[in-house]
There are 2 protein chains.
Amino acid sequence: MKWKELEEEPCSMARTIGVIGDRWTLLILRECFLRTRRFEGFQSALGITRHLLAERLKKLVRQGILRRIPYQDAPKRHEYILTQKGLDLYPIMMALVHWGDTHMVDERGRPLLHEHRKCGKNFDPVMVCSECGEPLLAREVHTHPGPGARSPLAIKAPDKPKAKVRRSAA
Amino acid sequence: MKWKELEEEPCSMARTIGVIGDRWTLLILRECFLRTRRFEGFQSALGITRHLLAERLKKLVRQGILRRIPYQDAPKRHEYILTQKGLDLYPIMMALVHWGDTHMVDERGRPLLHEHRKCGKNFDPVMVCSECGEPLLAREVHTHPGPGARSPLAIKAPDKPKAKVRRSAA
DNA sequence: TCTTACAGTTCTAAAATTGAACTGTCAAAT
DNA sequence: ATTTGACAGTTCAATTTTAGAACTGTAAGA
């Protein structure tokens, strides 16, 4: 499986991973949400090599996640700004942060707190069902093929253990 | 910045990325949520090289995201099962899927629909504030350093443009 | 005995990433 | 007038990762 193919798989998660699923891209996006906009800003905040940074920024622009906007003419300089498509990545970012807050903090506690302007409180992000508003649990969700389904990847029956005799160790 | 260091950064997102932030790991986790449990199952579903698969599975076990459980004795065979820590990745997976559903589907439509057992409807995941229940928008969230803050990475003031004269092109 | 299922390990070639230096424009300081 | 620094890249050799294929070993079933 080549990376280009990922974006064509009949699986929304694979396609998303094809676009933002590598470490530097995710870190660059973190910086975008922290309002970094310029090449040097990304480079010094992340310590990424300039080579890779240039490449990743280009890809994000090609994908319509960032827009490259001139802010100066001589010499030509540009800023990288999140498009709406990019802003829509926010729930992914928050989900990543929240898992880290839950499972990766040390004794010091969270590095960063999030305050919801609307209610004024520090919060955690909670993922709920758009239909009933209840929090989502993996156990309570069943998947079935949609109109764009094409391959077993999207359907995937549970790994039937092929009725083999189990020798000891249940 | 080396990858090992990522896990020690004072940023929950960086730490999470250090653990699950590469393409194969994310795809392996997708398979886990689709109930794949065995080496061959992952390998044939993903087309990942056996070498990398073995390595990634080991890492996920080390991180406590998967548990390696014997299901047969001779020859020794094991299954890889999500721990609670692993199951807690569900919101990340759903957020990835949902972004793909929104921005990466072709004319055919979604490859996969999700049904919420509790309410019986197909749904989209929505991220809301744990305190007031309102959907979260990037614009309405402000961050500030928590008890575990240590570096500018977690604080990061907006990229002040250094009061330079702007020549044309606002 | 031969074949298949399964879970890896080993090896070489190809691709991606790192690190460091280099290019070019312009502003400000010396 | 010359030097220095900010900025946004590009280039290139060296290193690290990943891909692809073959190989190991146990045991069941034909």
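Sequence lines set the chain letters: A, B, ... in the order given, protein chains first and strands last, and positions in each chain run from 1.
A salt bridge does not link A/E134 to B/R117: none of the charged nitrogens lies less than 4.0 Å from a carboxylate oxygen.
The distance from atom CD of A/Q72 to atom P of C/dC26 is 10 Å, rounded to the nearest whole Å. In this structure, B/K59 places its NZ atom 20 Å from C1' of C/dG8, rounding to the nearest Å. Distance CZ (A/R37) to P (D/dA6): 22 Å, rounded to an integer number of Å. One interatomic measurement links the two molecules: CG of B/L57 to C1' of C/dG8, which rounds to 11 Å at whole-angstrom precision. When rounded to the nearest whole Å, the span between CZ of A/F39 and C1' of C/dT23 equals 13 Å. Rounding to whole angstrom units, CG of residue B/D73 and P of C/dA7 are separated by 14 Å. Distance, A/E79 CD to D/dA8 P: 8 Å, rounded to whole Å. In this entry the distance linking CZ of B/R23 with P of D/dA19 reads 10 Å, nearest Å.
For A/R38, no side-chain nitrogen or oxygen approaches OP1 or OP2 of D/dG9 to under 4.0 Å. For the OP1/OP2 pair of D/dA8 and a distance below 4.0 Å, the side-chain nitrogens and oxygens of A/K58 include no atom meeting the criterion.
When each of A/R77 and A/A54 is assigned the nucleotide of DNA chain D with its nearest heavy atom, A/R77 is the one assigned upstream, toward the 5' end.
Among the protein residues, A/F42 comes within range of no part of the nucleic acid, since none of its heavy atoms lies under 4.0 Å from any strand.
Cluster membership for A/Y90 and B/V126, using ILVMFWY side-chain heavy atoms within less than 4.5 angstrom, is not shared.
No side-chain donor from either of A/D124 and A/H114 sits under 3.5 Å from a side-chain acceptor of the other. In the model, B/R68 has a side-chain atom that pairs as donor or acceptor with a side-chain atom of B/Y80 under 3.5 Å. Checking B/Q63 against B/E7 by side-chain atom types alone, a donor-acceptor pair falls below 3.5 Å.
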**Item:** Annotated protein contacts, base or backbone, on nucleotides 13-19 of chain C with a non-hydrogen cut-off under 4.0 Å, one of B, S, - each
**Value:** ----SBB
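Taking every heavy atom of both residues into account, A/R37 and A/F42 meet most closely at C-CE1, 3.7 Å. Across all their heavy atoms, A/F123 and B/L136 have their closest contact at CE1-CD1, 3.3 Å.
When atom types are taken as modelled, the side chain of B/T83 and the backbone of B/I65 share a donor-acceptor pair closer than 3.5 angstrom. Panel note: side chain B/R15, backbone B/E9; a donor-acceptor pair is recorded below 3.5 Å.
At its two ends the helix from C/dT1-D/dA30 to C/dT30-D/dA1 runs along axes set 10° apart, each axis drawn from five pairs and the angle rounded to 10°.
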